[in-house]
Amino acid sequence: MAKAPVLTPRGDDFPRWYQDVVAKAELADNGPVRGTMVIRPYAYAIWERMQAELDRRIKATGAENAYFPLFIPESYLRREAEHVEGFSPELAVVTHGGGKELEEPVVVRPTSETVINSYFAKWVQSYRDLPLLINQWANVVRWELRPRLFLRTTEFLWQEGHTAHATEAEAAAFAERILGEVYEDFMVEVLAIPVLTGRKTARERFAGASNTLTCEAMMGDGKALQMGTSHELGQNFARAFDITFSDETGSQEHVWQTSWGVSTRMVGGLIMCHGDDAGLRLPPALAPTQVVVVLVRAEDGAGEAAATLRDELVAAGVRTSLDDRLGTSFGRRSVEWELKGVPLRVEVGPRELADGVVTLVERHRGTKTAVALAEVVDRVGSSLIEGQRHLLAEATRLREERTVEVATLEEALDAASSGFARLPWAVVGEEGERRLAERGLTVRCLVRADGAGIAATEEDLVAVVARAY
RNA sequence: CGGGGAGUAGCGCAGCGGUAGCGCACCUGCUUUGGGAGCAGGAGGUCGCGGGUUCAAAUCCCGUCUCCCCGACCA
């Protein structure tokens, strides 16, 4: 007798499937205030793994962590014209404090360019103080009318980097370096999500930036998700906040700046890129638990064998947990671990133990293999590596299958309804972007036709058009 | 803000004038345990809120609040 599916099948109703995964894998709940999110322990563990991997890469660029306040004087936001214009519709503003109306309202940070730069102005005096490379891990608030857990919430967690440089070229190079060495490397190597790196059009650019670079991924339904951005701010904020330094010749110059961020939205991207009808599928490099040793039944020394195996795997450096909840049925436990996307299950029970083997179950393929006890640690190691590769290859193949080259805007309108459409940027233009927007499509990014690196000029660019989250 | 729906147990819903219900989840016990266990028992509710009509309101009327879905911005 077939049970009802655990989740709404992905192909039936993708948004519903997404919500089911978030609920059943115990990732998050809606908060009491509309648009807010409670991140449950399992999703928070995933976020902590993301933080650890990113933080290491960020520090490798020379950036240091610091922390700036949640509250920002409203007047600070106004100092940069485009910035305030971009953010004012989604600001949360505090008008009362200590039981009294405040003389100047404070905003809850939607991003920290303004506060951080007001301190950069104090800290930067000389070219010897540059580059100044600061990162912070923080929560930010952007009031959202149409929230979706992880993808678009009123409050979210992120990392925001802010840097100041002596020259435009150095700032531009740093923004590219973050995009490539930190974000793209992390997304491809750890999340196993292939991303396109490119430039945003003026229409899609960050409010206050002179250039925005982006990592764009394709989700399981063919829609695009912006996974991270890195901005060149030019001297816009340096002028607004008077961040100047004396160069080697003693003349006063404004600094050139960057800012860059990735957020808990990546958790949503992870779900939608790798998830299947059985739930989440976590890439081994990211998974908080890489292997769960499942004790099927405790008879005939199986309990001891399972505990020993867990210890051996831990000793081998594998993130391992033991599931010996014998009061819960084996089937239910299997379903739970599949929902949570743990890459490997090692099932230990008396029946197979009698033959000196255990069952290795690979989440990424769904395969089950009998493995001799003595070989388990080795097999787990190679299977984790293979699983990581498999997820990246599968996601890459799916993206390629759903990407088409087109020559006209009309063709793009049609093709981008189910994936990515690539066409010359010269064919689109700002007028074309407006027409795409009418049909719910956007230019996700501009890439070089030859695929080599990030494009610096407007010439010979290819626009990638898609529906987006 | 414009259009369309819905508020009843933790979740999903039925009931639409006459004792507050169902499925899942939860608790207890027994039997189970190799792919969401079975049986028995149990707990859980100002039916969004305020007013009105009525012998009697979850149900009818008025008001109000909230939430969800579809159209313009965003990590």
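Chain A is the first sequence line, chain B the second, and so forth, proteins listed ahead of strands; every chain is numbered from 1.
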Give every pair of a protein N or O atom and an N or O atom of nucleotides 27-34 of chain B that lie under 3.5 Å apart, one pair per line with the distance.
from	atom 1	to	atom 2	distance (Å)
B:rU33	O2	A:L326	O	2.8
B:rU33	N3	A:L326	O	3.4
B:rG34	O2'	A:R351	NH1	3.4
B:rG34	O6	A:G349	O	3.3
B:rG34	O6	A:P350	N	3.0
B:rG34	O6	A:R351	N	2.6
B:rG34	N1	A:E352	OE2	3.4
B:rG34	N2	A:E352	OE1	3.2
B:rG34	N2	A:E352	OE2	3.0

Output a table of nitrogen or oxygen pairs between the protein and nucleotides 2-11 of chain B separated by less than 3.5 Å.
none

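For the 3.5 Å distance criterion, the side chains of A:N135 and A:E64 fail to qualify, holding no donor opposite an acceptor. Between the side chains of A:E204 and A:T442, not a single donor N or O lies within less than 3.5 Å of an accepting N or O. Donor-acceptor pairing under 3.5 Å is recorded for the side chains of A:S259 and A:E113.
A:R148 comes within 4.0 angstrom of no nucleic acid atom, judged by non-hydrogen atoms across all strands. Residue A:T153 is classed as a base contact, given a heavy-atom separation below 4.0 Å to a base. Within 4.0 Å of A:E336, counting heavy atoms only, lies no atom of the nucleic acid at all.
Every side chain to side chain contact (heavy atoms under 4.5 Å, CB included) that A:V106 has, sequence neighbours left out, goes to A:F71, A:V94, A:L102. In this structure A:D276 satisfies the side-chain hydrogen bond (donor to acceptor under 3.5 Å, both in side chains) test together with A:R363, sequence neighbours excluded. Not counting sequence neighbours, A:W256 has no partner by the ring-ring contact (aromatic ring centres under 6.0 Å, His included) test. Residues satisfying the side-chain hydrogen bond (donor to acceptor under 3.5 Å, both in side chains) test with A:T114, not counting sequence neighbours, are none. Taking the ring-ring contact (aromatic ring centres under 6.0 Å, His included) definition, one finds that A:F206 meets it with A:H83, A:F87, A:H231, sequence neighbours left out. Residues that satisfy the side chain to side chain contact (heavy atoms under 4.5 Å, CB included) test with A:R332, not counting sequence neighbours, are A:T328, A:S329, A:E336. Under the side-chain hydrogen bond (donor to acceptor under 3.5 Å, both in side chains) criterion, A:R439 pairs with no residue, sequence neighbours left out.
Comparing the C1' positions of B:rU33 and B:rA75 gives a spacing of 46 Å, expressed to the nearest Å. Using C1' as the reference atom, B:rU66 and B:rA40 are 41 Å apart when rounded to the nearest Å. Taking the P atom of each, B:rC30 and B:rG15 are spaced 40 Å apart, rounded to whole Å. Rounded to the nearest Å, the gap between the P atom of B:rA56 and that of B:rG3 is 38 Å. Rounded to the nearest Å, the gap between the C1' atom of B:rA58 and that of B:rA9 is 14 Å. Using C1' as the reference atom, B:rU19 and B:rA57 are 14 Å apart when rounded to the nearest Å. Separation of the C1' atoms belonging to B:rU59 and B:rA14 is 13 Å when rounded to the nearest angstrom. B:rG50 sits 16 Å from B:rG7 when the C1' atoms are compared, rounded to a whole Å.
Between the CH2 atom of A:W137 and the P atom of B:rA75 there is a distance of 17 Å, rounded to whole Å. The distance between atom CZ of A:F206 and atom P of B:rC73, rounded to the nearest whole Å, is 18 Å. Atom P of nucleotide B:rA72 and atom CD of A:E90 are separated by 16 Å, given to the nearest angstrom. Taking atom CD of residue A:E85 and atom P of nucleotide B:rC73, one finds them 13 Å apart after rounding to whole Å. Taking atom CG of residue A:L149 and atom P of nucleotide B:rA75, one finds them 19 Å apart after rounding to whole Å. To the nearest angstrom, P of B:rG35 lies 7 Å from NZ of A:K368. At whole-Å resolution of the value, NE2 in A:H231 and P in B:rC74 are 11 Å apart. Distance A:M50 CE to B:rA75 P: 18 Å, rounded to the nearest Å.
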**Prompt:** Starting at the 5' end of RNA chain B, what dot-bracket string do you get if Watson-Crick and G-U pairs under 3.5 Å are bracketed, crossing pairs use [ ], other-strand pairs use | and unpaired bases use dots?
**Reply:** ((((((((.[[[[.)..(..]]]].((((((.....)))))).....[[[[[..)....]]]]])))))))....
Indicate every side-chain donor-acceptor pair of residues 216-228 of chain A with a distance under 3.5 Å to a residue at least two apart or in another chain.
from	atom 1	to	atom 2	distance (Å)
A:E216	OE1	A:R444	NE	3.1
A:E216	OE1	A:R444	NH2	3.4
A:E216	OE2	A:K200	NZ	2.7
A:E216	OE2	A:T214	OG1	2.9
A:D221	OD1	A:K223	N	3.1
A:D221	OD2	A:Y469	OH	2.5
A:Q226	OE1	A:K200	NZ	3.0

**Message:** Could you walk me through whether A:K368 and A:L360 satisfy the side chain to side chain contact (heavy atoms under 4.5 Å, CB included) test, starting with their C-alpha distance in whole Å, then the side-chain angles of each, then the deciding distance to 0.1 Å, before giving a yes or no?
**Reply:** CA-CA 6 Å; A:K368 294 186 178 191; A:L360 183 69; over 6 Å; no
**side-chain hydrogen bond (donor to acceptor under 3.5 Å, both in side chains) between A:E80 and A:N117, intermediate numbers included** = CA-CA 11 Å; A:E80 213 288 330; A:N117 286 326; over 6 Å; no
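The 12-atom threshold is exceeded at CH2 of A:W158, counting heavy atoms of other residues, nucleotides or ligands nearer than 6.0 Å.
In the set B:rG35, B:rG36, B:rA75, the nucleotide with an atom closest to the side chain of A:T229 is B:rA75. In the set B:rG35, B:rA75, B:rA25, B:rA25 carries the atom at the smallest distance from any side-chain atom of A:R332. Between B:rA75, B:rG36, B:rG35, one nucleotide has an atom nearer to the side chain of A:Q226 than all others, and that is B:rA75. Nearest nucleotide to the A:R152 side chain, out of B:rG36, B:rG35, B:rA75: B:rA75.
Judged by a 6.0 Å distance limit and a 45° cone about the ring axis, A:R148 is positioned over the six-membered ring of A:Y18. Cation-pi check for A:R10 over A:W17 is met; the charged atom lies under 6.0 angstrom from the ring centroid and within 45 degrees of its normal.
If you find the closest nucleotide of RNA chain B to A:W158 and to A:S334, the one lying nearer the 5' end belongs to A:S334.
Of all the residues in residues 261-276 of chain A, A:S263, A:R265 reach under 4.0 Å from RNA chain B with at least one non-hydrogen atom.
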